**Student:** 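The structure that follows is given in the form of structure tokens.
Note that the structure is a prediction, hence the values are computed from the model and not measured. These values consider heavy atoms only, across backbone and side chains, with no hydrogens, waters or symmetry-generated copies.
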Amino acid sequence: MESDMDEMALLKQLLAEAVGDGTPAAEIDDDADIVNDIGIDSIQMITFLLSVEDALDVNLDFENLDLADLTSLRQFHTFVVSMRATAA
């Protein structure tokens with residue numbers, strides 16, 4: 001399993017790729033609000049979530065994904081970790 005720092009770096013990379021506005025992954029803050037600060041739209045969000053599932057080999061429970069889980073990349077990472085723990 002990757003360390004939390006490695007996973008955060010991967011999440012930043014996946015988010016930067018999904019948004020596609022040229023912002024380098026390294027410039028995305030851990031506490032950036034994915035919706036309000038990053039400005040991700042619904043299509044980009046779907047792309048991001050599906051790429052997270054593929055890259056981290058986790059099934060995200062979209063029924064329980066709340067807007068609060070997207071208030072920061074750090075909070076979203078916590079959600080991802082909880083999905084992994086639930087599946088274990």
**Student:** Is it possible for you to say whether Leu65 and Leu67 belong to one hydrophobic cluster, with membership spreading through side-chain heavy-atom contacts below 4.5 Å?
**Tutor:**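 Leu65 clusters together with Leu67.
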
**Student:** Say whether Val80 and Val35 are linked into one hydrophobic cluster, either directly or through other cluster members, by side-chain heavy-atom distances under 4.5 angstrom.
**Tutor:**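 The answer is yes; both residues are in one hydrophobic cluster.
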
**Student:** Indicate, with yes or no, if Ile43 and Phe62 share a hydrophobic cluster defined by side-chain heavy-atom contacts under 4.5 Å among Ile, Leu, Val, Met, Phe, Trp and Tyr.
**Tutor:**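 Phe62 and Ile43: separate clusters.
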
**Student:** To the nearest 0.5 Å, what is the distance between OG1 on Thr23 and CD on Glu17?
**Tutor:**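 Going from OG1 on Thr23 over to CD on Glu17, the span is 13.0 Å.
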
**Student:** May I ask you to say whether Asp30 pairs ionically with Lys12, meaning some side-chain N is under 4.0 Å from a carboxylate O?
**Tutor:**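 A salt bridge links Asp30 with Lys12.
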
**Student:** Can you confirm whether Asn59 is buried at CG, in the sense that more than 12 heavy atoms of other residues, nucleotides or ligands lie under 6.0 Å from that atom?
**Tutor:**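 It does not: Asn59 CG has 12 such atoms or fewer within range.
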
**Student:** Passes side-chain contact (heavy atoms from CB on, under 4.5 Å), Leu56 versus Arg84? Steps please.
**Tutor:** CA-CA 9 Å; Leu56 297 178; Arg84 185 181 298 124; 4.1 Å; yes

**Student:** Tell me whether Asp21 at atom CG has more than 12 heavy atoms from other residues, nucleotides or ligands lying less than 6.0 Å away.
**Tutor:**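 Yes, CG of Asp21 has more than 12 neighbouring heavy atoms, counting only those of other groups under 6.0 Å.
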
**Student:** Supply the atom-to-atom distance Leu49 CG to Ile40 CD1, rounded to the nearest 0.5 angstrom.
**Tutor:**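 Spacing of CG (Leu49) from CD1 (Ile40) equals 7.0 Å.
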
**Student:** Got Ile38 and Gln44 here, is their nearest side-chain heavy-atom distance under 4.5 Å?
**Tutor:**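 Not touching, per the 4.5 Å side-chain cut-off.
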
**Student:** Is there a side-chain contact between Met45 and Leu70, using heavy atoms and a 4.5 Å cut-off?
**Tutor:**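 Met45 reaches Leu70 side chain to side chain.
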
**Student:** May I ask you to test the Asp6-Leu10 pair for a side-chain heavy-atom distance under 4.5 Å?
**Tutor:**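 Asp6 vs Leu10: side chains apart.
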
**Student:** Measure the spacing between CG of Asp69 and NE2 of His77 and express it to the nearest 0.5 Å.
**Tutor:**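 Output value for this atom pair is 13.0 Å.
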
**Student:** Decide yes or no for Leu73 and Asp29: does some side-chain heavy atom of the first lie under 4.5 Å from some side-chain heavy atom of the second?
**Tutor:**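 Of all side-chain heavy-atom pairs linking Asp29 with Leu73, none is under 4.5 Å.
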
**Student:** Which is it for Asp31 and Thr71 under the side-chain contact (heavy atoms from CB on, under 4.5 Å) test, yes or no, and what are the steps along the way?
**Tutor:** CA-CA 8 Å; Asp31 294 313; Thr71 56; over 6 Å; no

**Student:** What are the two closest non-hydrogen atoms of Glu53 and Leu60, and how far apart are they?
**Tutor:**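 Taking Glu53 first and Leu60 second, the nearest heavy atoms are OE2-N, 2.8 Å.
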
**Student:** Could you go through Val19 and Leu15, starting from their C-alpha distance and side-chain angles, then the distance that decides it, and tell me whether this counts as side-chain contact (heavy atoms from CB on, under 4.5 Å)?
**Tutor:** CA-CA 6 Å; Val19 173; Leu15 182 59; 4.1 Å; yes

**Student:** Would you please test Met8 and Gln13 for side-chain contact (heavy atoms from CB on, under 4.5 Å) and show each step?
**Tutor:** CA-CA 9 Å; Met8 284 296 288; Gln13 182 63 41; over 6 Å; no

**Student:** Applying ring-ring contact (aromatic ring centres under 6.0 Å, His included), can you list everything that pairs with Phe79, at least two apart in sequence or on another chain?
**Tutor:**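 Phe79 satisfies ring-ring contact (aromatic ring centres under 6.0 Å, His included) with no residue once adjacent residues are dropped.
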
**Student:** Within a strict 4.5 Å, meaning less than it, do heavy atoms of the Asp61 and Thr86 side chains meet?
**Tutor:**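 Heavy-atom side-chain distance check fails, nothing below 4.5 Å.
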
**Student:** Can you tell me how far OG of Ser51 sits from CG of Leu11, rounded to the nearest 0.5 angstrom?
**Tutor:**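 Output value for this atom pair is 8.5 Å.
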
